[in-house]
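Take a look at the structure below.
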Protein chains: 2
Amino acid sequence: MFSLDTAASPPPDPRQALARADALCQERGVRLTELRRRVLEILWNSPTPLGAYAILDVLREDGRTGAPPTVYRALEFLLEQGLIHRLTSQSMFTGCRQPGSRHDGQFLICQDCGQVDELNNPAIEELLRAEAAAREFEALAQRVEVLGRCPDCRRGAIDHAA
Amino acid sequence: MFSLDTAASPPPDPRQALARADALCQERGVRLTELRRRVLEILWNSPTPLGAYAILDVLREDGRTGAPPTVYRALEFLLEQGLIHRLTSQSMFTGCRQPGSRHDGQFLICQDCGQVDELNNPAIEELLRAEAAAREFEALAQRVEVLGRCPDCRRGAIDHAA
DNA sequence: TCGGAAATTGTTATTTTATAACAATTGTTA
DNA sequence: TAACAATTGTTATAAAATAACAATTTCCGA
Ligand SMILES: [Zn+2]
Ligand SMILES: [Zn+2]
Ligand SMILES: [Zn+2]
Ligand SMILES: [Zn+2]
């Protein structure tokens, strides 16, 4: 174990990622419908996480009709399939950087520009699992978010994301 | 280091805890007013975290007049002073179990009964700090929550909190 | 002790996030 | 094609959080 998989992957190329999502859903026997696929694409195309209503706006720009439940249901599906993550401290959603194997992830969230970096540090996950186990607590999910300033914003390079 | 301070402390005795909060605020030169003190008491008296509107209901039972901003401002003060924590995944607040030294804490949240256990595992905190530092990310706060089922609920002892 | 600035609380209105309930449509299968 | 399940559309509402401004209280110096 000379190189733990803690590296924050770059955002995936949306094309490849979507093709992979198609394959994954087919394997699993679930339907990545037009709507769900589009929501996933919107999230993967966005440089920052998006709220449900921001996604809804994009869908409407597409010409599609819809209301909040439309978006929330698509998001629910994508969460179940591990294709996106919910950032609970922000009430926002972001496309997963390593879809395929289910995980909760850890996130570095810039409070200035909104950019997010996804980590998957097994040591952190394991420590939390151990703490839970020591207390006979059945751990079902983890929400781990670090709030602060990204390298770009520390250098004053970027002010605020669009 | 034979015994790291990762033990989840029991909820403090509200009387003692409030006296301590009084002292802390005096030291710091900030005012733990009637309202703020009462909100803190409500949280420490509650077996489970409370939402802002639930706190507002209790305040109204007290006979006090008020609206959401009243509660949110009190909560903001208590958060700043490290006397309470916000559980972002639940939109709820809980009294801190180890007030005095500022920390973000880690929380085991039971999805069945709502009970919460507060941990303060320095190793987890440190790992997150290290991950952030490795990416030149300035970490300002951490949100660490584990969702699942508490020991009581696993044994079917308790169904749902009031 | 009086008056003015600052901090705190009250009040009204609104925004933002999320869900409930039911109808319409689409897909699947017998 | 008829029946059934899954998905999406639609309307309405609930729940969480904040904006803006007024009233009150506290603090401090004149
Ligand atoms: Zn991921
Ligand atoms: Zn940034
Ligand atoms: Zn605490
Ligand atoms: Zn429980």
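The chains referred to below are lettered A, B, ... by the order of the sequence lines, with proteins before strands, and numbering in each begins at 1.
Distances shorter than 4.0 Å separate none of the side-chain N or O atoms of B/Y72 from OP1 or OP2 on D/dT18. For D/dG9, the OP1/OP2 oxygens have no side-chain nitrogen or oxygen of A/T65 closer than 4.0 Å. At D/dT8, one or more side-chain N or O atoms of A/R36 fall inside 4.0 Å of OP1 or OP2 (strictly under the cut-off). Residue A/R86 places at least one side-chain N or O under 4.0 Å from the OP1 or OP2 atom of C/dA18. Between B/S91 and the phosphate of D/dA17, there is a side-chain N or O to OP1/OP2 separation shorter than 4.0 Å.
Between the C1' atom of D/dT7 and the CZ atom of A/R37 lies a distance of 17 Å, rounded to the nearest Å. Distance CD1 (B/I55) to C1' (D/dA17): 13 Å, rounded to an integer number of Å. Rounded to whole Å, atom C1' of D/dA23 lies 12 Å from atom CZ of B/R73. In this structure, A/R60 atom CZ and D/dG9 atom P are separated by 11 Å, rounded to whole Å. One can place CD of A/E34 at 17 Å from C1' of D/dA6, the figure rounded to the nearest angstrom. Between B/L35 atom CG and D/dA23 atom P there is a gap of 20 Å when expressed in whole angstrom units. Atom C1' of nucleotide D/dT8 and atom CG of A/L75 are separated by 14 Å, given to the nearest angstrom. Remark: C1' of D/dA17 and CE of B/M92 are 15 Å apart, rounded to the nearest angstrom.
Closest to the side chain of B/R31, from the set D/dA16, C/dA18, C/dT8, is C/dT8. Residue A/P68 places its side chain closer to C/dA18 than to any other of C/dA18, D/dA17, C/dT9. Listed candidates were D/dT8, C/dT11, C/dG27. Nearest to the side chain of B/P69 is C/dT11.
Taking a cutoff of 4.0 Å between a charged side-chain nitrogen and a carboxylate oxygen, A/R149 and B/E138 qualify as a salt bridge. At a threshold of 4.0 Å, the pair A/R73-A/E76 does not count as salt-bridged, since none of the basic side-chain nitrogens sits closer than that to a carboxylate oxygen. With respect to A/R97 and A/D117, no salt bridge is recorded, no charged nitrogen being found less than 4.0 Å from a carboxylate O.
If you check distances only, the side chain of A/R64 never reaches the base of D/dG9 with a donor-acceptor pair under 3.5 Å. In this model, a side-chain donor or acceptor of A/Y53 finds a partner on the base of C/dA18 within 3.5 Å.
Cation-pi geometry between A/R86 and A/F93 is not satisfied (NZ or CZ under 6.0 Å from the ring centre, within 45° of the ring normal).
Using a 4.0 Å heavy-atom criterion, one finds that B/A52 contacts no nucleic acid atom at all. Residue A/T70 is in base contact, counting any heavy-atom pair closer than 4.0 Å across all strands shown.
Base pairing of D/dG9 is made with C/dC22, judged by Watson-Crick or G-U wobble geometry with both donor-acceptor distances under 3.5 Å. In a base pair of the Watson-Crick type (N1 to N3 plus N6-O4 or O6-N4) or a G-U wobble (N1-O2 and O6-N3), with each distance short of 3.5 Å, C/dA30 is matched with D/dT1.
A side-chain donor-acceptor contact under 3.5 Å links B/Q98 and B/N120. A side-chain donor-acceptor contact under 3.5 Å links B/N121 and A/E131.
Nearest-nucleotide assignment on DNA chain C puts the 5′-proximal partner with B/F77, out of B/G66 and B/F77.
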